[in-house]
Amino acid sequence: MRRIQAALLAAAMALGMAGCSVFGSAPQATATPQPTPTAAPTPTPEPTPTPTPGVNPLTGQADPEGALNGKRPVAVQIRTGDGTLPQWGIASADVIIEGVTEGYNAGMMAIFASADRISKAGPVGPGRDLMLQFALPLNAVPVHIDKNTYAYNLLNVLSYQDVDGFHAGTAAFAFDDGRQASGYREENCWYTTGDLVKAGMSLYGASTDGQTIQLFDFGDRADPAARNGTELHVTFAEGDTESFYYSVNDGVYFKTNPDGSQAMDVDAGQQASFTNLFVLYASSGIKDDGYTRQYDLTGGTGLYLTDGAWQEIRWQKGDATAPLVLTDLEGNSLKVNPGKSFIAIWGGYYGQALSVRAEDGAEQTLPAKPALLGSGVSDEAAAQAEQDYDAYQAELAAQLATPTPAPEGDAAGSDAG
């Protein structure tokens, strides 16, 4: 399994790292063949909530000066994994979405209610279709450096304009020389700002002005009867567990990195925190390239944590242009506390895990994990593959530990020659 995992990771990194070089005026990318669709059908818009004037449509919090009126959200793909920490913008973003996109890598998207709310965001990563399917219904501006074939095709079919460093270059992205000088790899040094995003959109004759929808049905909730959800641990892969700890004094969940350190936003100088945590259970499998994750995004069950408590929820979505709709188990619209949100897309396949703990440390009984798609690998098959690989490694180690007899005539002290 780990050999398979290493191969998947290598392929994902080959795509993800392909677009960043300081040798030239713009980030570069590999020339991945990208099929052009024969037609660009106009998507049928679905009924969506109208944002309340004077309210941030992504957080439900007050926007008394109306600074967000008529402003499109901006969705920045953030690089994750080895060598990417600390990141920029994760504490100031209004919404963070995270889920495995390729192999066993969890990708991250930071969504800001407008370009004006972005001081610095990055390191900027390649676009992924999983994240785009949550950003496009918001009329958000997608921002990334390069993108895989699936993201390319999705945007192309919908005639949806993004800001891609592969084309926009340094008009929309900047390079942090100090970060590179301190030892970071080049691909982990690119970032963007609100002004750079606006400049990037202007290259295409497009704008960051426009309307969006209200993300959730926001409203104040009653205090929970018990704090049965003060910790959330989402394991996306071996060695990649995102954890969240509720602070009664602050009323938010603070995020930690897989190594247990605080998830710091180096630009804001503070730890990322969220009023709302969502885990969306989504049946998953593998796309036809053999390593990009496929998800059923029509809907499913899930978890909602807020105020130190959790509940089971239902979610619906549909195609790439359909908004996310949340309900309780009775089908009533889910009332969501105003504040920032973290959304995890969780397939529950082999190697993934989920844990919620109460204030007293008691582990909670959670809904059953989602079923695999037809292209998924069963737990039994994955476990067997891991056993086979471990046995192979043990056999190889034993062979290497056994001294090889020296050929005749080559013994030490011989007079050969």
Side-chain angles (χ1 to χ4, degrees), residues 2 5 9 12-13 16-17 76-101 103-112 118-125 131 176 178-191 229-279 303 305-306 308 339-346 351-357 359 361 363:
R2 285 190 288 274
Q5 176 176 341
L9 286 172
M13 289 298 290
M17 292 171 58
V76 183
Q77 191 74 31
I78 304 294
R79 293 188 68 88
T80 60
D82 180 51
T84 62
L85 301 178
Q87 297 147 325
W88 300 295
I90 61 171
S92 55
D94 295 296
V95 180
I96 294 287
I97 301 175
E98 192 162 2
V100 175
T101 57
Y104 292 83
N105 281 345
M108 177 186 290
M109 174 176 277
I111 307 180
F112 303 81
I118 306 176
S119 171
K120 187 175 183 179
V124 181
M131 306 303 178
D176 192 310
R179 189 173 172 100
Q180 186 189 38
S182 63
Y184 284 81
R185 299 191 303 269
E186 291 180 2
E187 68 272 13
N188 294 325
C189 297
W190 289 100
Y191 67 92
T230 57
E231 293 183 22
L232 170 66
H233 307 276
V234 184
T235 300
F236 289 111
E238 183 180 353
D240 183 8
T241 298
E242 311 288 330
S243 296
F244 303 82
Y245 299 90
Y246 183 70
S247 168
V248 175
N249 293 333
D250 299 288
V252 295
Y253 291 84
F254 286 97
K255 184 178 185 295
T256 62
N257 296 314
D259 64 0
S261 63
Q262 296 179 351
M264 295 298 296
D265 180 336
V266 69
D267 180 57
Q270 63 187 51
Q271 186 177 3
S273 63
F274 306 91
T275 300
N276 306 300
L277 306 178
F278 299 93
V279 181
L303 312 178
L305 288 81
T306 190
K340 297 180 179 181
S341 296
F342 178 91
I343 303 173
I345 315 300
W346 190 73
Q352 292 200 327
L354 197 61
S355 172
V356 174
R357 293 186 180 277
E359 192 172 31
E363 186 160 355

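In this chain, numbering begins with 1 at the start of the sequence shown.
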* To do: Determine, step by step, whether L354 and L303 satisfy the side chain to side chain contact (heavy atoms under 4.5 Å, CB included) criterion, reporting the C-alpha distance in whole Å, the side-chain angles of both residues, the deciding distance to 0.1 Å, and the verdict.
  => CA-CA 10 Å; L354 197 61; L303 312 178; 3.7 Å; yes
Do you know the tightest heavy-atom contact between [X] and [Y]?
X: G239; Y: P258; value: O-CB, 3.5 Å
X: D267; Y: S119; value: OD2-OG, 3.1 Å
X: D240; Y: A106; value: OD2-CB, 3.4 Å
X: A344; Y: V234; value: CB-CG1, 4.4 Å
X: P86; Y: Y184; value: CD-OH, 3.3 Å
X: G107; Y: M131; value: O-CE, 3.0 Å

Donor-acceptor check, side chain of [X] to backbone of [Y], threshold 3.5 angstrom: yes or no?
X: E242; Y: T235; value: no
X: Y253; Y: G308; value: yes
X: K340; Y: I96; value: no
X: D250; Y: V252; value: no
X: N257; Y: Q262; value: yes
X: E231; Y: G361; value: no
X: Q352; Y: F236; value: yes
X: W88; Y: I78; value: no

Check whether any side-chain heavy atom of [X] sits under 4.5 Å from a side-chain heavy atom of [Y], and report yes or no.
X: V76; Y: F112; result: yes
X: W190; Y: P123; result: no
X: D94; Y: I111; result: no
X: I345; Y: V100; result: no
X: Q87; Y: T80; result: yes

- Message: Does the plane of the ring in F274 sit parallel, tilted or perpendicular to the ring in F244? Use 30° and 60° as the thresholds.
- Response: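 The arrangement is perpendicular - the two ring planes meet at more than 60°.
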(Q) Does the plane of the ring in Y245 sit parallel, tilted or perpendicular to the ring in H233? Use 30° and 60° as the thresholds. (A)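 The rings of Y245 and H233 stand perpendicular, inter-plane angle above 60°.
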So how far is it from [X] [atom1] to [Y] [atom2], rounded to the nearest 0.5 Å?
X: T306; Y: L277; atom1: OG1; atom2: CG; answer: 8.0 Å
X: I343; Y: M109; atom1: CD1; atom2: CE; answer: 11.0 Å
X: T101; Y: M108; atom1: OG1; atom2: CE; answer: 11.5 Å
X: L305; Y: S341; atom1: CG; atom2: OG; answer: 11.5 Å

Practice prompt. Could you please spell out the steps behind the side chain to side chain contact (heavy atoms under 4.5 Å, CB included) verdict for D176 and K120?
Written response: CA-CA 11 Å; D176 192 310; K120 187 175 183 179; 2.9 Å; yes
Can you list the steps and then say if Q271 with T256 is a side chain to side chain contact (heavy atoms under 4.5 Å, CB included)?
CA-CA 8 Å; Q271 186 177 3; T256 62; 4.1 Å; yes
query = Is the closest basic N to carboxylate O distance between D265 and K255 below 4.0 Å?
reply =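 Answer for the salt bridge query: no.
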